[in-house]
Amino acid sequence: MAGDQLLRRLLFLLWVVALAVPGLAARPANVSIGALFTFDSVIGRAAKVAIELAVADVNRDDGVLNGTYLSVVEQDTKCSGFIGIIQGLQVMEKKVVAVVGPQSSGIGHVVSHVADELRIPLVSFAATDPTLGSSQYPYFLRATHSDFFQMAAVADIISHYAWREATLIYVDNDYGRAALDALGDHLQSMRSKVSYRAPLPPAADRAAITDLLLRVSMMESRVIVVHANPDSGLDIFAAAQSLGMMSSGYVWIATEWLAALLDSDSSPPRKTTALALLQGVVTLRQYTPDSDAKRSLMSRFAARLQAHNTTGGINAYVLFAYDAVWMAARAIDQLLVDGSNVSFSDDARLRAENETGSALRLGALKVFDQGEQLLSKMKTLNFTGVTGQVRFGDDRNLADPAYEVLNVGGTGVRRVGYWSNRTRLSVTAPEQEQNGKKKKQQGEELYSVIWPGETASTPRGWVFPNNGKALRIGVPYRTTYKQFVSKDAGGPDGASGYCIDVFKAAVALLAYPVPVSYVVVGDGVKNPSYGELVQRVAEGELDAAVGDISIVTNRTRVVDFTQPYVESGLVIVTAVRERASSAWAFLKPFTGEMWAVTGGFFLFVGAVVWVLEHRSNTDFRGSPRKQLVTVFWFSFSTMFFAHRENTVSTLGRLVLIIWLFVVLIINSSYTASLTSILTVQQLSTGIQGLDGLIASSDPIGFQVGSFAKSYLMQELGVPESRLRELAITDYASSLQTGVVAAIVDELPYVELFLSTNCQFRTVGQEFTKSGWGFAFQRDSPLAVDLSTAILTLSENGDLQRIHDKWLSPGQCASQGTDVGADRLNLSSFWGLFLICGVACFIALLIFFFRTLRQYFRYHGHADIDDDDDSENKATPFPVDGGERMSSRRPARLASIRDLMTFVDMKEAEVKRRKKMMNEDSSSCGRRLDMDSHSHRSMPTSANANAAPPSSSFSSV
């Protein structure tokens, strides 16, 4: 007995310690997880094998669960929401700690509410509805990628090819509608849109699909995105082929369901038949990098199918289903390692419902006590699975989503690029770019695609809709200048004018017919508001607007314009009167500064030529009075090219040629300016441009319906009290009577107005630069094609011919439109004066250099003669009148006077005297030789009494 008591006490102590120490708690022998999917479906058939393989691998791995056996409870949802709910309740009734699934997004929405109540995490491998990631479903984790990212990839493909609209064919359930919203949001951020939504009933037959595709074929967009189920999606392409919608011009983009279908079907006949329907289709496939674990699973998967004599292939969902089991197993293992047990308890609300006598047996559903802890463990998982790195983001979706972009062509499928949430479209695998092994180059987004119709050229993506509806074209009902555009009750179109003819000519150049119906806008009493016309286009009431519609900033925010077919801008028109002539009008062409500089240069150039010619030209020599008269005469006679003095020096001729060119320009400018001053008209107001218009307080007129009013008020700050709304027919009378001081209007109207009203002119320059274009709804592809057509009209001359037909010039067209003549100032001619001044300076520099050089050579000969004449102390250089300079005078004064005398000397005289000096030097040398010989033969006393020879320049 004592031994038994001791044994009981030891067991009791061990039990207490086991309870006190979490790590020593006993692990459960078995843990169950559930699996909800459709057994007989493309995804379900492959997922069933993957789940069973994953459970077997977990149980074989000693590093996971460590002795606890993992079992799976599979329930078939049979592609039914109702049955899926029942099966979901049944699987949770069996005390599972987690559920792999559900496969369907619709069932996921309902079962998630049950999972939240019972605290059982759902790990779905195929439910891609983005809304399941909301906080409304905290126990839902997505072990695959959300359609939010898949639709981002589809939108990037559409944007890559510059398509602006797309049609979406989608299954009309939670799965399809959520994808529609996601695609619409992504396209909107890229200034594109889903132009037509084509919902397909979940159980649609071939007739319903055909009817839906007929409606799609009548739409404008030829970019069709198909978001369907793998089990029925192929019927859409079969119907499209029978309707001829798999031909050239169409673009078909299928989401990942198509890749899953093609990967799962390994039967050659069926796959060949499917590929024949899908030629040119672009599809996506969830990207999983290659690895040894992935290849091992694929090998065992194929062996399993072969052992059961079944055919099939492995798709991306198989890999995610396999990893989903491992997610649950690893999280359960971490829960048990932390010392937690697996226990269930009753739900108070379900127990109360059960006590009411309900036959649903809801009391059998138990709450998983450790469900919140298990959910937390799952959200922090980070391991490498067969799909790559497995971890969840904050939204409980798998991190780093990536897709392969595939193109169906020939007998198979080829990869043309990748898409990832980080790198977007690229031809480089996502992990290579993330690891820095290879960087995406500009333009390397997708390889070339073979589109339906076996064409490599990118389809335009849209055609004019074949739904029997004509474009509703708004046309302004102008009451003035109807040659631009207006109502034409007798015409076949109901509208006519220059703008209508340009539009018709542009439409005729398109490669497809465009039926139009003109809707005249306006009451015929006054011109309509063009801003309201554009707004009606923006609101969808009209498809486009054709007319004299200016392209301004606020309008481009709501509509798209074509290329301008008329250049336009705001100008100022005012009245003018003849200017009275003045007796001193001949002085007005030049400003006072210009007159002063021009006169100064006449005298300066005359003086320079006199300096250059004085030594060599007899016309520029004589008495001082005569030479002064010559300078003045020569200077001003060059104005009329009437100078009689000839220039003989090279430098003088060079200066004179440059000066005569300057005089020619000045004369021509003076003549033109004087002619303008004597014939020009004068403004009747002081407004000479935009600045004067703003500064004045005079009233300003503008055309009815023009944007000029808003521009003057908003951009230039002109108060509304100064503005007067006028019809063009009232322009002349309003300006003449002083109702307005000036009118601001667009250039085409002003040109037409001035062509028949010669007493008015424009002043200043255009102060806006815009044009007229055709307005279309935002992102309309027709605007782009018509822009190209307008450019073609401009290049081939048709645009000018249409202009000449409607807008022929009037009787005043030959008259100038400039008012007033600006006086010519120095700023227009300083370059000419600079050239002339530089030429004169260089010529004088060369002249004085040559003169000084001659002077020093001449002076050198004179010094030699002085040495020979020892008795003569006077300066040897002669001056005018035969005087001889005294040696007692200062040397500097003598040198300056010698230099001035030398400069005044004729060039020929200098050369003659220099020659005589050379001859004297030679004779003196011979005489010295003779004296030297005599000294050797005569006595010294005789030599001492001999008189030295004398020489002077006066004898020369």
Side-chain angles (χ1 to χ4, degrees), residues 155 158-167 184 186-196 219-223 458-465 469-476 485 499-500 502-519 521 528-569 707 710-711 746 768-794 799:
I158 293 173
S159 177
H160 173 72
Y161 292 106
W163 296 317
R164 293 300 182 188
E165 295 183 0
T167 295
H186 287 300
L187 289 178
Q188 187 176 10
S189 66
M190 302 173 182
R191 289 198 62 186
S192 301
K193 64 179 181 179
V194 177
S195 59
Y196 184 69
M219 296 298 109
E220 181 178 292
S221 175
R222 283 294 181 262
V223 180
T458 304
R460 186 173 61 218
W462 73 280
V463 295
F464 197 79
K469 295 182 180 179
L471 277 181
R472 297 162 299 169
I473 306 295
V475 176
V485 61
C499 303
I500 299 297
V502 172
F503 179 73
K504 289 181 178 178
V507 169
L509 294 177
L510 300 180
Y512 47 88
V514 180
V516 299
S517 174
Y518 295 106
V519 179
V521 178
S529 170
Y530 285 75
E532 295 177 0
L533 175 61
V534 171
Q535 189 61 35
R536 292 176 64 178
V537 175
E539 293 173 354
E541 184 178 345
L542 297 171
D543 295 312
V546 172
D548 46 342
I549 305 171
S550 297
I551 304 174
V552 293
T553 304
N554 61 336
R555 295 174 183 173
T556 58
R557 295 191 181 104
V558 295
V559 296
D560 284 346
F561 281 95
T562 62
Q563 173 80 14
Y565 60 91
V566 170
E567 295 296 328
S568 180
F707 76 96
S710 61
Y711 183 84
E746 295 180 72
T768 63
K769 289 292 184 181
S770 60
W772 291 353
F774 305 134
F776 287 85
Q777 294 179 9
R778 292 299 297 269
D779 303 321
S780 172
L782 194 59
V784 178
D785 287 357
L786 278 179
S787 294
T788 305
I790 290 172
L791 290 175
T792 303
L793 291 176
S794 178
L799 197 61

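In this chain, residues are counted from 1 in sequence order.
For the residue pair Ile551 and Pro564, the shortest heavy atom distance occurs at CD1-CG, 3.7 Å. Between Leu533 and Pro476, the closest heavy-atom pair is CD2-CD, 4.0 Å. What you find for Leu793 and Ala506 is that their closest heavy atoms are CD1-N, 3.7 Å. The two residues His186 and Ala155 have their closest heavy-atom pair at CB-CB, 3.6 Å.
In this structure, the separation between NZ on Lys504 and SG on Cys499 is 12.5 Å, given to the nearest 0.5 Å. A distance of 8.0 Å separates CD of Glu567 from NZ of Lys769, quoted to the nearest 0.5 Å. The CG atom of Leu786 sits 11.5 Å away from atom CD of Gln563, with the distance rounded to the nearest 0.5 Å. Separation of atoms CD (Glu539) and CD (Gln777) is listed at 10.5 Å; rounding is to 0.5 Å. The CZ atom of Phe776 lies 7.0 Å from the CG atom of Leu471; values are rounded to the nearest 0.5 Å.
Panel note: side chain Ser794, backbone Ile790; no donor-acceptor pair is recorded below 3.5 Å. With hydrogens and angles disregarded, a donor-acceptor distance shorter than 3.5 Å links the side chain of Arg472 to the backbone of Gly540.
Residues Phe774 and Leu782 fail the side-chain proximity criterion, which asks for heavy atoms closer than 4.5 Å. Inter-residue side-chain proximity for Arg778 and Val558 is flagged as unmet; no heavy-atom pair is nearer than 4.5 Å. Between Val485 and Val546, every side-chain heavy-atom pair lies at or beyond the 4.5 Å cut-off. In this structure, the side chains of Ser787 and Thr562 come closer than 4.5 Å at one or more pairs of heavy atoms. Proximity of Ile549 to Arg555: side-chain heavy atoms (C-beta onward) are separated by under 4.5 Å at one or more points. Residues Val516 and Val507 have side chains not in contact (no heavy-atom distance under 4.5 Å, counting atoms from C-beta outward).
A side-chain donor from one of Ser550 and Glu746 sits under 3.5 Å from a side-chain acceptor of the other.
Using a 4.0 Å cut-off between charged nitrogen and carboxylate oxygen, Arg191 and Asp560 count as a salt-bridge pair.
The side-chain contact (heavy atoms from CB on, under 4.5 Å) search around Arg460 returns Trp462, Val463, Tyr512, Asp785, not counting sequence neighbours. Applying the side-chain contact (heavy atoms from CB on, under 4.5 Å) criterion to Thr768, with sequence neighbours excluded, gives Leu570, Tyr711.
Exactly one residue among Ser780, Ser192, Ser221 makes a side-chain contact (heavy atoms from CB on, under 4.5 Å) with Glu165. That residue is Ser221.
Ring centers of Tyr565 and Phe503: at least 6.0 Å apart, outside the cut-off.
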